[in-house]
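Worth knowing before you read on, the calculation uses all heavy atoms, side chains too, and leaves out hydrogens, waters and symmetry mates.
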Amino acid sequence: MMLRISGLQEMREWSRSNRVEGRKVGLVPTMGYLHEGHLRLIDRGRGAADALAVSVFVNPIQFGPSEDFLTYPRDIERDIELIEHRGGDCVFVPEAAAMYRSEPVVTVAPGSIAAHLCGPRRPGHFEGVLTVVAKLFNVVEPDMAVFGRKDVQQARAITRMVEDLDFAVQILVAPTVREPDGLAMSSRNSYLSPEERTAAASIPASLEAAHHQFVSGVTDVGALVATTREILARERLIEVDYTEAVDPDTMAPASVADPETIVALAARVGKARLIDNVVLGAGVQADEILE
């Protein structure tokens, strides 16, 4: 039977006891309201670890003052049922007061990784993400952790934090999981009305168009980005925040597109701010498409 743990020291003891017995400990950090995308991350963790913990924690310090922390969808009992059904060994559900006994003075700065894309548009966001992930790593002490590529800038920032600060954690980045029409799975998709949900399918369609343009021989990043914007501009319900072509390692603007170049975008559809990206040489169809 899956364990439910809320205490930090209890969580640490669970991990240490598994490691003493020779088991590789894995972690899948989530903010809950789980969907199939999260469950595929659990599948990855289950396949790579002997003992798998899944954390459910809506991290207050990664939300800006005008963002949706208070309204972010939550359903912890449903989440726990899904995690157990998918093979999690332990669910870690700490209280905010335990994770942040006082307002943090020392935090983890993302540096140049946050200079573009979501970084300037969500001040403090990646600092909040890296700080909570560092805390989770220190509490859970996993051997490996799984993150999704939909949040590509977040995944790169976490990977770089692990490299630069010598965390003894292997990071696995799993493909984006998409609906049959290509829309990347996200907890915030629950905000969409039926009309908005239809419009949102233009987001992956615009990225796939850039991919097709690239494989046809176009390497000019301005032209590739313009293609995505032209497609998104046809949808009156979509308000584009940004579309950029970036280097996969630095997250800095790319000068010329190559197969590893990422085109990333953020757009508002109704109350939802949705992000997505594509590796130009692979395309949206290279991700996991639900049937």
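Between Arg40 and Glu36 a salt bridge is recorded (basic side-chain N to carboxylate O distance below 4.0 Å). Looking at Lys271 and Asp68, no side-chain N of the basic residue comes within less than 4.0 Å of a carboxylate O on the acidic one, giving no salt bridge. We find that Arg197 and Asp181 are joined by a salt bridge, their nearest charged nitrogen and carboxylate oxygen being less than 4.0 Å apart. The pair Arg4-Glu84 does not count as a salt bridge, with every side-chain nitrogen at least 4.0 angstrom from each carboxylate oxygen. For Asp287 and Arg149, the salt-bridge test passes: some basic side-chain N is under 4.0 Å from an acidic carboxylate O.
No side-chain heavy atom of Val25 sits under 4.5 Å from any side-chain heavy atom of Glu141. When side chains are defined from C-beta on, Cys90 counts as touching Met11, because their heavy atoms get closer than 4.5 Å. Residues Leu41 and Phe147 form no side-chain contact, since every pair of their non-hydrogen atoms from C-beta on lies 4.5 Å or further apart. Within the 4.5 Å cutoff, the side chain of Gln153 has no heavy atoms near those of the Val246 side chain. Side-chain atoms of Phe92 and Leu136, non-hydrogen and from C-beta on, do get closer than 4.5 Å to each other. Within the 4.5 Å cutoff, side-chain heavy atoms of Arg44 are placed close to those of Pro175. The shortest distance between side-chain heavy atoms of Thr250 and Ser112 does not fall below 4.5 Å. With a 4.5 Å cut-off on side-chain heavy atoms, Asp89 and Trp14 count as touching.
At most 12 non-hydrogen atoms from other residues, nucleotides or ligands lie less than 6.0 angstrom from CD of Glu81. Atom CD of Glu239 is surrounded by 12 or fewer heavy atoms from other residues, nucleotides or ligands within 6.0 Å. For Glu95, the CD atom sits in a loose shell: 12 or fewer heavy atoms of surrounding residues, nucleotides or ligands are nearer than 6.0 Å. Crowding of Arg268 atom CZ: a count of heavy atoms from other residues, nucleotides or ligands under 6.0 Å not exceeding 12. Counting non-hydrogen atoms of other residues, nucleotides and ligands closer than 6.0 Å to CZ of Arg160 gives a total of 12 or fewer.
Shown here for Pro204 and Arg178, the closest heavy-atom pair between the two residues is CB-NH1, 3.8 Å. Of all the heavy atoms in Leu172 and Ala48, the pair that sits closest is CD1-CB, 3.9 Å. Heavy-atom minimum distance, Ser202 versus Glu235: OG-CG, 3.2 Å. Pairing each heavy atom of Val108 with each of Ala134, the nearest pair is CG2-CB, 4.2 Å. Nearest heavy-atom pair across Leu34 and Ile83 is CD1-CG1, 3.5 Å. Annotation for Asn18 and Ala51: closest pair OD1-CB, 3.5 Å, computed over non-hydrogen atoms.
Note: the hydrophobic cluster containing Met99 does not contain Val93 (ILVMFWY, side chain heavy atoms under 4.5 Å, direct or indirect links). Hydrophobic clustering (side-chain heavy atoms under 4.5 Å, transitive across Ile, Leu, Val, Met, Phe, Trp, Tyr) keeps Ile42 apart from Leu27. In this structure, Phe137 is a member of the same hydrophobic cluster as Ile61, with clusters built from ILVMFWY side-chain heavy atoms closer than 4.5 Å. Cluster annotation: Leu165 is connected to Val169 through the hydrophobic network of ILVMFWY side chains, with a link wherever side-chain heavy atoms come within less than 4.5 Å. Under the 4.5 Å side-chain heavy-atom criterion for ILVMFWY residues, no single connected hydrophobic cluster contains both Val58 and Val56.
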(message) Evaluate Met185 against Leu290 for side chain to side chain contact (heavy atoms under 4.5 Å, CB included), listing each step before the verdict.
(response) CA-CA 10 Å; Met185 299 202 75; Leu290 294 178; 3.3 Å; yes
(message) Run the side chain to side chain contact (heavy atoms under 4.5 Å, CB included) test on Phe69 and Gln62 for me, step by step, so that the C-alpha distance in whole Å, both residues' side-chain angles and the decisive distance to 0.1 Å come before the verdict.
(response) CA-CA 9 Å; Phe69 173 67; Gln62 72 186 63; over 6 Å; no
(request) Test Phe57 against Lys135 for side chain to side chain contact (heavy atoms under 4.5 Å, CB included), laying out the working first. (result) CA-CA 12 Å; Phe57 179 65; Lys135 289 172 74 68; over 6 Å; no
(request) Take Lys150 and Ser186 through the side chain to side chain contact (heavy atoms under 4.5 Å, CB included) test and state the conclusion after the steps. (result) CA-CA 9 Å; Lys150 178 180 75 72; Ser186 168; 4.2 Å; yes
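Leu130 CG to His125 NE2: the interatomic distance, rounded to the nearest 0.5 Å, is 9.0 Å. To the nearest 0.5 Å, the span separating OG1 on Thr176 from CD1 on Ile289 amounts to 9.0 Å. Atom CD1 of Ile5 and atom OG of Ser15 lie 7.5 Å apart (nearest 0.5 Å). One finds the NE2 atom of His212 at 12.0 Å from the OG1 atom of Thr227 (value rounded to the nearest 0.5 Å). In this structure, the separation between CZ on Arg273 and CG on Asp241 is 4.5 Å, given to the nearest 0.5 Å.
Between the side chain of His38 and the backbone N or O of His35 there is at least one donor-acceptor pair closer than 3.5 Å. Judged by distance alone, the side chain of Arg229 and the main-chain N or O of Thr243 form a donor-acceptor pair under 3.5 Å. Side-chain atoms of Asp50 come within 3.5 Å of backbone atoms of Lys24 as a donor-acceptor pair (strictly under, hydrogens ignored). Proximity of a side-chain donor or acceptor of Thr261 to a complementary backbone N or O of Asp247 within less than 3.5 Å is not detected. Under the 3.5 Å distance criterion, the side-chain polar atoms of Asn189 are left unmatched by any main-chain donor or acceptor of Ala272. For Arg122 (side chain) and Gly119 (main-chain N/O), no donor-acceptor pair under 3.5 Å exists by modelled atom type. Side-chain atoms of Ser216 come within 3.5 Å of backbone N or O of Gln213 as a donor-acceptor pair.
A donor-acceptor contact under 3.5 angstrom links the side chains of Gln9 and Arg12, judged on distance only. Between the side chains of Glu127 and Thr107, at least one donor-acceptor pair of N or O atoms lies under 3.5 Å. In summary, the side chains of Tyr100 and Asn59 do present a donor paired with an acceptor at a separation below 3.5 Å, with no hydrogens or angles considered.
Cluster partners of Val215, using a side-chain heavy-atom cutoff of under 4.5 Å among ILVMFWY residues and allowing indirect links, are Leu183, Leu192, Ile203, Leu207, Phe214, Val218, Leu224, Leu232, Ile238, Val240, Val263, Leu265, Val269, Leu274, Val278, Leu280, Val284.
Figure legend: cation-pi geometry between Arg78 and Tyr33, with NZ or CZ positioned under 6.0 Å from the six-membered ring centre and within 45° of its axis. Because its NZ or CZ atom is not both nearer than 6.0 Å to the ring centre of Phe126 and within 45° of the ring axis, Arg121 does not count as a cation-pi partner of that residue.
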